[in-house]
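Written below as structure tokens is the structure these notes are about.
Predicted, not measured: the structure shown is a model, and the values here were computed from it.
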Amino acid sequence: SFPGGRRDPADGDAVATALRETREELGLALAPPSVWGQLRPLPDRQGQMVAPVVANLGPLEDLTLTPNPDEVEEVFTLPLAHLLREENQGYTHFRTAGRYGYTLPVFLNGPHKVWGLTAIITELTLELLAPDRY
């Protein structure tokens, strides 16, 4: 999943929350100019609204991440080219009360699967970044 968490009273808005959470969870301090924008709010499974914020982190090779072990179990990245390959894209069908319930996107990467709300946010981001290829 992407960095995220509840808005603190000191956070001015969703962008401030995202920047603080990224710093707390990954040890990555981003300045507001690195933020490209915000996607439409989405409900999570508990019905709380999630406000995805899209930012440019720069070249991955230049990043030094120091994940907070109390909040982050593992960190991995996926290149845009990998996400755009059809063999790495799929959908998962969920059942509710023994019947078809809903379908969500899933992105595959070896032992990792990006699914759930993270996959929905990834799909929305791909639609913006590569509309002619996704």
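- Residue Glu86 places its CD atom among 12 or fewer non-hydrogen atoms of other residues, nucleotides or ligands, all under 6.0 Å distant.
- Side-chain contact between Leu30 and Val35 is absent, with no heavy atoms from C-beta onward closer than 4.5 Å.
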Without placing hydrogens or testing angles, list every side-chain donor-acceptor pair under 3.5 Å for residues 8-19, not counting sequence neighbours.
from, atom 1, to, atom 2, distance (Å)
Asp8, OD2, Arg20, NE, 3.4
Asp8, OD2, Arg20, NH1, 3.4
Asp11, OD1, Arg20, NE, 3.0
Asp11, OD2, Asp8, N, 2.9
Asp11, OD2, Thr17, OG1, 2.9
Asp11, OD2, Arg20, NE, 3.1
Asp11, OD2, Arg20, NH2, 2.9
Asp13, OD1, Val15, N, 3.2
Asp13, OD1, Ala16, N, 2.8
Thr17, OG1, Asp13, O, 3.2

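- Looking at heavy atoms from C-beta onward, Phe76 lies in side-chain contact with Val114 at the 4.5 angstrom threshold.
- With hydrogens and angles ignored, the 3.5 Å screen pairs no side-chain donor or acceptor of Arg85 with any backbone N or O of Asn88.
- In this structure, CG on Leu78 lies 4.5 Å from CG on Asn109, to the nearest 0.5 angstrom.
- Contact detail for Val75 and Pro67: the closest heavy-atom pair is CG2-CG, 3.7 Å.
- Leu65 and Val53 fall within a single hydrophobic cluster, where Ile, Leu, Val, Met, Phe, Trp and Tyr side chains are chained together by heavy-atom contacts under 4.5 Å.
- Counting heavy atoms from C-beta on, the side chains of Phe107 and Leu83 come closer than 4.5 Å.
- A heavy-atom distance below 4.5 Å is not found between the side chains of Leu129 and Leu126.
- You'll find the side chain of Leu39 reaches within 4.5 Å of the side chain of Ile121, heavy atoms only.
- Closest non-hydrogen pair, Arg40 versus Leu124, comes out as NH2-CD2, 3.8 Å.
- Taking 4.5 Å as the limit, every side-chain heavy atom of Val50 sits out of range of all side-chain heavy atoms of Pro41.
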Show, in sequence, the C-alpha distance, side-chain angles and deciding distance for Val54 and Gln38, and conclude whether the side chain to side chain contact (heavy atoms under 4.5 Å, CB included) test is met. CA-CA 6 Å; Val54 180; Gln38 188 175 334; over 6 Å; no
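- Of all heavy-atom pairs spanning Gly101 and Thr96, the tightest one is CA-OG1, 3.8 Å.
- Looking at Tyr134 and Gln89, their side chains never bring a donor and an acceptor atom within 3.5 Å of each other.
- Using a 4.5 Å cut-off on side-chain heavy atoms (C-beta onward), Phe94 and Thr103 make no contact.
- Counting all heavy atoms, side chain and backbone alike, Leu108 lies closest to Lys113 at CD2-CG, 3.8 Å.
- Annotation: side chain of Glu71 is in contact with side chain of Glu21 (closest heavy-atom distance under 4.5 Å).
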Start with the C-alpha distance between Leu104 and Tyr91, add both sets of side-chain angles, then the distance that settles side chain to side chain contact (heavy atoms under 4.5 Å, CB included), and finish with yes or no. CA-CA 5 Å; Leu104 293 178; Tyr91 289 90; over 6 Å; no
